[in-house]
Novice: 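Below: one structure in structure tokens.
Every chain is numbered from 1 and lettered A, B, ... according to where its sequence line falls, protein lines coming before strand lines. Everything quoted here is computed from the prediction, not taken from an experiment.
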Amino acid sequence: MSDHSHKELPFWRKYIFSVDHKVIGIQYAVTGLLFLFFGFCLVMLIRWQLAYPGQELPFIGSWFPETQMIGGIMLPEFYYQLGAMHGTIMVFLGVVPLAVGGFGNYVVPLQIGAPDMAFPKLNMMSYWLYFIGGVLMLASFFVPGGSAQSGWTSYPPLSVIAAGGQTWWLIGMAFLINSSLLGSVNFIVTIIQLRAPGLSFNRLPFYVWAQFVTALLLLLAFPPLMAAAVLQLMDRLAGTSFFIPTGLVVNDAITHFVGGGNPILWQHLFWFLAHPEVYVLILPAMGIVAEIIACNTRKPLYGYKALVYSVCFVGFMSFVVWAHHMFLTNMGTTMSTFFQITTMIISIPSIVILTSLILSLWGGSIRFNTPMLFAIAFLPMFAIGGLTGLPLGLAAADIHLHDTYYVIGHFHYVVAPGTIFALFAGVYHWFPKATGRKMSEFLGKLHFFPSLVLMNCIFTPMLIMGLAGALRRMYDPTQYAHAQAVQPLNVFISISAFCLALAQIPFIINFFYSIFWGKKVDDNPWQATTLEWATPTPPPHGNFLKAPEVYRGPYEYSVPGQKKDFWPQDMKGAN
Amino acid sequence: MTQNYYGWGLPIDISTHGAGIDKLIWIVHIAMVLLFVGWLLFFVYTLIRFRERPNHKAEHHGKHFKLPTYVEILVAAFEVFLLLAFAMPLWNQAKNQMPPDDKALHIRVIAQQFAWNIHYPGKDGIFGKTSPNLMDSSNPVGLDSSDAAAKDDVVTINQLNIPVNTPVIVKLSSKDVIHSFTLPVMRVKQDVIPGQSIPVWFQATQTGDFEIACAQLCGLGHYRMRGFFNVQTQEDFNKWLQEQAPK
């Protein structure tokens with residue numbers, strides 16, 4: 001930082017190709033929010049088709065080209081493109097960049113009292129690789145044959161024989177994977193090396209712990225997917241057959257694949273990433289929730305050590321549960337027993353984390369501001385998501401529930417009203433640090449309450465549909481007799497989803513309005529203890545006016561005998 | 001199909017093995033609801049009791065709770081119970097306790113985009129030779145007509161008929177991509193993987209007209225890869241098979 005902290009940088013170095021972790025964090029966050037919005041738009045198109053299959057999309061139906069909709073009626077090609085890209089965009093371009101790239105970059109160096117990330121240029125490269133990956137994914141909608149359409153899981157052989165967009169998907173993923181790898185190395189080094197004097201590991205805010213474990217997961221889980229993506233690319237372009245068995249007959253014509261590959265290999269490589277990826281989605285969210293709960297209950301977290309051990313244990317276990325996504329791929333008793341046991345084991349530390357967060361509320365003086373509302377709503381929503389994972393983790397119950405809407409309901413409870421609520425909480429909580437202004441409480445509550453109700457109106461019926469056996473990835477859900485009884489739920493879910501979109505309008509207004517006209521606040525508007533609130537607002541390049549020193553743990557709230565109810569980590573002596 | 005078998009709960013179960021699966025699903029859900037409701041009551045009570053208000057202060061040294069440890073141990077014990085009492089025996093039953101070969105009806109199902117080809121061995125009980133090189137639209141399973149055992153074989157498309165109260169072993173294979181052979185009323189779901197031949201077994205307890213579904217995204221026509229699954233009396237089944245036999 002020393003070489004450019006004193007002279008004024010040109011605009012493009014300061015705001016576009018910046019090496020400042022805060023600018024990169026905001027770039028990541030804004031891009032991630034835009035992708036979340038775009039991914040939500042894709043799913044609203046899907047929801048129209050599911051509620052009113054074969055009916056003309058009103059108002060905007062005629063805007064789509066004939067390769068996507070004819071007379072406003074969606075084609076199966078487009079439906080399956082939307083499905084694959086909704087998943088890809090939400091996970092890889094929306095939630096992870098916002099949770100890790102956005103909040104991680106902005107908050108972690110501040111919370112550990114560092115002037116920046118350990119490798120600022122690597123950090124900038126990480127963002128721009130992500131940006132290119134995103135552009136490739138978006139561009140793939142316009143290539144002949146359209147974007148990827150074999151699900152976000154891209155199972156071969158289907159993905160290998162699919163139209164051109166799949167190649168773009170694989171190349172886009174390669175950029176996103178490398179972006180995450182650069183980011184994760186940077187986080188690990190930063191957290192180990194750049195902590196302020198006195199900030200030992202047992203004084204780290206829980207959020208930093210969560211990001212630390214997340215970075216380790218990204219570092220170790222993504223390379224196998226990178227390898228798998230290259231192999232699939234070779235199968236598509238170079239005539240290899242890593243994932244394709246010999247003698248494949250497609251459209252009554254025998255294909256050229258003769259290498260004797262195995263499609264299950266892809267599934268192992270994919271889920272070896274994609275299960276830890278679930279924890280990449282959830283751990284930063286838990287970290288955000290923990291910070292906000294401690295601050296707004298005005299008391300320390302319950303069981304800090306149990307939380308830290310649990311988050312490390314969850315991280316480790318997340319590498320040995322992947323095949324519970326694959327029970328129905330002809331898995332024998334030995335394998336299925338192993339993966340069922342590991343899946344049951346991983347539920348225990350998750351329960352410990354959730355329990356600690358709830359017990360943290362006990363004995364507090366709870367402020368119900370907008371960030372806190374989102375943070376506490378995360379708890380029951382994540383609980384439903386976690387509990388519904390239980391039957392899916394048992395191979396026998398999976399026979400009925402696999403590939404039904406039960407699965408969709410389960411993981412959306414974890415990620416949508418779970419993680420995304422936590423991310424909203426984070427936006428409301430750290431907005432004043434980044435802008436010097438608070439977001440409106442009124443608009444915040446207008447955002448929160450309808451969102452909470454509507455999220456449940458969307459995802460609870462999915463669990464019911466799944467129990468009735470309604471299968472996922474159906475362009476026309478009315479084809480099957482066994483799914484007809486629950487079809488009215490599809491209409492209800494879709495209407496709720498459209499209303500949920502309306503419920504986001506207060507957030508969008510609030511976000512932009514507050515940047516310019518929000519209520520001005522001082523450096524520490526929530527009276528919090530952690531180091532990010534010890535910087536000027538917004539923090540300048542280099543962050544701290546004077547390198548901070550840490551004297552105590554992260555959550556010294558309401559300490560008896562102190563004048564104020566918060567005792568900042570960097571305050572020397574009594575309060 | 002006049003009778004309506006399907007409602008909002010689990011689909012009806014007409015299999016000999018499905019009751020265990022349904023019971024497992026019920027027990028897990030009852031436990032989940034109990035746990036969640038108890039938890040939610042505590043959560044709401046805590047939020048109300050410890051809300052910010054004048055003259056109320058947070059306690060730095062919070063209460064230590066013992067109960068959660070017991071609840072966690074209880075949950076772990078319950079999970080062990082589920083594994084030992086249900087999940088493992090049921091999976092073992094599905095995978096390792098196939099009915100004896102001579103007692104069961106053998107059928108091959110060859111999946112393709114977007115149809116189920118059903119292959120019965122015919123009177124001789126032996127499947128004729130097949131080869132991918134012979135597959136075309138008139139010979140969907142690639143049956144080798146020079147093989148004597150192939151002469152009486154029956155091939156239907158999207159029409160799986162079985163006799164009631166008879167164990168059935170279906171060997172699943174795929175010509176092109178991964179499909180998933182699903183009989184909702186029979187609690188059968190098994191991925192069909194090209195390059196592999198995967199057996200599943202089941203036994204029906206009542207007659208009726210049901211459906212085969214594909215549960216794994218297999219291409220643009222995935223949503224209409226629907227087959228008919230009819231469970232008949234032994235006589236009706238014999239008669240039907242007779243009618244289908246090559247003349």
Side-chain angles (χ1 to χ4, degrees), chain A residues 76-77 80 151 155 157-158 245 247-250 252 254 263 297-299 302 328-330 332-333 336-337 340 344 348 351 355 358-359 361-367 380 383 387 390-391 394-397 399-400 402-403 467-469 471 473-476 479-482 485-486 558-560, chain B residues 6-8 10-11 21 24-25 28 32 36 40 43 46 50-52 56-60 62-63 65 68 72 75-76 79 82-83 86-88 90-92 95-96 132-133 135-137 175-178 180 184 187 189-191 193-195 198 211 213 215-220 223-224 226:
Chain A
E77 288 87 327
Y80 288 116
Y155 281 3
L158 181 65
L248 210 64
V249 177
V250 179
D252 290 327
I254 196 150
T297 53
R298 316 306 294 160
K299 64 179 282 296
Y302 181 89
L328 300 188
T329 56
N330 193 24
T333 39
S336 85
T337 302
Q340 289 181 83
M344 294 302 120
I348 300 297
I351 296 175
T355 308
I358 293 156
L359 294 181
L361 301 168
W362 189 274
S365 171
I366 304 171
R367 302 190 299 212
L387 284 171
L390 194 57
L394 298 166
I399 293 174
H400 181 61
H402 188 72
D403 274 329
L467 286 170
L471 296 166
R473 291 170 170 166
M474 289 291 157
Y475 161 71
D476 180 351
Q479 290 275 324
Y480 286 106
H482 73 265
V486 292
S558 305
V559 180
Chain B
Y6 312 105
W8 276 43
L10 296 173
I21 294 175
L24 172 61
I25 292 176
V28 173
M32 276 157 58
F36 183 70
L40 196 66
F43 176 67
T46 309
F50 295 102
R51 70 195 183 278
E52 183 184 41
H56 170 71
K57 278 197 151 167
E59 307 154 24
H60 179 74
K63 195 169 167 241
F65 289 84
E72 278 147 24
V75 169
E79 287 176 349
L82 289 177
L83 283 173
F86 289 95
M88 288 171 189
L90 285 169
W91 198 251
N92 188 46
K95 291 288 157 187
N96 299 340
N133 293 311
M135 288 177 183
D136 60 34
S137 51
K175 288 186 192 180
D176 39 38
V177 302
I178 299 175
S180 192
R187 302 296 185 267
K189 190 179 283 156
Q190 171 59 55
D191 286 1
I193 296 158
I198 301 172
E211 56 192 359
Q216 185 64 266
L217 176 60
C218 60
L220 302 183
Y223 68 96
R224 56 180 164 81
R226 175 175 181 236

Novice: Which one, A:Ala468, A:Ala397, A:Pro76, A:Gly332, leads in non-hydrogen pairs under 4.5 Å with chain B?
Specialist: A:Ala468
Novice: Heavy-atom cut-off 4.5 Å, strictly under: side chain, backbone, both or neither for B:Val177 against chain A?
Specialist: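 For B:Val177, the contact with chain A is made by backbone and side chain together.
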Novice: Give the minimum heavy-atom separation between A:His400 and B:Pro11, together with the two atoms involved.
Specialist: CE1-CD, 3.4 Å
Novice: The criterion is salt bridge (charged side-chain N to carboxylate O under 4.0 Å, His left out); which residues satisfy it with A:Asp403, sequence neighbours excluded?
Specialist: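 So A:Asp403 forms a salt bridge (charged side-chain N to carboxylate O under 4.0 Å, His left out) with A:Arg472.
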Novice: State, to 0.1 Å, how close B:Met135 and A:Val249 come at their nearest heavy-atom pair, and which atoms those are.
Specialist: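 Nearest heavy atoms, B:Met135 then A:Val249: SD-CG2, 3.7 Å.
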Novice: Can you tell which part of A:Pro245 gets under 4.5 Å to a heavy atom of chain B, answering side chain, backbone, both or neither?
Specialist: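 Side chain only.
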Novice: With chain B as the partner, which of A:Val486, A:Ile358, A:Ile351, A:Leu390 has the greatest number of non-hydrogen pairs under 4.5 Å?
Specialist: A:Ile358
Novice: Output the option from B:Gln216, B:Arg187, B:Met88, B:Lys57 having the highest count of non-hydrogen pairs under 4.5 Å with chain A.
Specialist: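 If we count pairs closer than 4.5 Å to chain A, B:Gln216 comes out on top.
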Novice: Measure B:Leu217 against the heavy atoms of chain A and call it side chain, backbone, both or neither at under 4.5 Å.
Specialist: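 The answer is both parts of B:Leu217.
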Novice: Does the side chain of B:Phe50 come within less than 4.5 Å of A:Lys299's, by heavy atoms?
Specialist: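 In short, these two side chains do not touch, never coming nearer than 4.5 Å.
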Novice: Measure B:Asn96 against the heavy atoms of chain A and call it side chain, backbone, both or neither at under 4.5 Å.
Specialist: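 It is the side chain, since no backbone atom gets that close.
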Novice: Quick one: closest heavy-atom pair of B:Ser180 and B:Lys189, and the distance?
Specialist: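 Smallest heavy-atom distance, with atoms named: OG-CG, 3.7 Å.
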Novice: Minimum heavy-atom separation for B:Leu24 and A:Ala396, please, with both atom names.
Specialist: CD2-CB, 3.9 Å
Novice: Need one label for A:Tyr155: side chain, backbone, both or neither, based on atoms under 4.5 Å from any heavy atom in chain B.
Specialist: side chain
Novice: Of the backbone (N, CA, C, O) and the side chain (C-beta and beyond), which part of B:Ile178 lies under 4.5 Å from a heavy atom of chain A, both, or neither?
Specialist: both
Novice: For each of A:Val250, A:Thr337, A:Leu471, A:Thr297, tally heavy-atom pairs with chain B at distances under 4.5 Å, and name the one with the top tally.
Specialist: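 Looking at each option in turn, the highest pair count goes to A:Leu471.
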Novice: With only heavy atoms counted, which part of B:Leu40 is less than 4.5 Å from chain A, the side chain, the backbone, both or neither?
Specialist: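 Contact with chain A is through the side chain of B:Leu40 alone.
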Novice: What part of A:Leu467 lies closer than 4.5 angstrom to a heavy atom of chain B: side chain, backbone, both or neither?
Specialist: both
Novice: For A:His482, give me all partners under ring pair (Phe, Tyr, Trp, His ring centres under 6.0 Å), at least two apart in sequence or on another chain.
Specialist: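 A:His482 satisfies ring pair (Phe, Tyr, Trp, His ring centres under 6.0 Å) with A:Tyr480 only.
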Novice: Name the option with the most non-hydrogen atom pairs under 4.5 Å to chain A; the candidates are B:Gly195, B:Pro68, B:Ser137.
Specialist: B:Ser137
Novice: Which bit of B:Leu10 comes within less than 4.5 Å of chain A, counting heavy atoms only: side chain, backbone, both or neither?
Specialist: both
Novice: At a heavy-atom distance under 4.5 Å, which candidate from A:Gly469, A:Pro380, A:Pro391, A:Ser336 has the highest pair count against chain B?
Specialist: A:Pro380
Novice: Closer than 3.5 angstrom, by distance alone: can the side chain of B:Gln190 be matched with the main-chain N or O of B:Ile198 as a donor-acceptor pair?
Specialist: no
Novice: Using heavy-atom distances under 4.5 Å, tell me whether B:Lys63 contacts chain A through its side chain, its backbone, both, or neither.
Specialist: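 Both parts, backbone and side chain.
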Novice: Do the non-hydrogen side-chain atoms of B:Asp191 and A:Asn330 ever get within less than 4.5 Å of each other?
Specialist: no
Novice: Within a strict 4.5 Å, meaning less than it, do heavy atoms of the B:Pro132 and B:Lys175 side chains meet?
Specialist: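 Of all side-chain heavy-atom pairs linking B:Lys175 with B:Pro132, none is under 4.5 Å.
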Novice: Among the options A:Met344, A:Arg367, A:His402, pick out the one with the most heavy-atom pairs lying under 4.5 Å from chain B.
Specialist: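 Among A:Met344, A:Arg367, A:His402, the one with the most close pairs to chain B is A:Met344.
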Novice: Go through the atoms of A:Ile348 and report whether side chain, backbone, both or neither lie under 4.5 Å from a heavy atom of chain B.
Specialist: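 Only the side chain of A:Ile348 comes within 4.5 Å of chain B.
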Novice: Once the angle between the rings of A:Trp362 and B:Phe65 is folded into 0 to 90°, is it parallel (under 30°), tilted (30 to 60°) or perpendicular (over 60°)?
Specialist: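 Rings of A:Trp362 and B:Phe65: perpendicular, over 60°.
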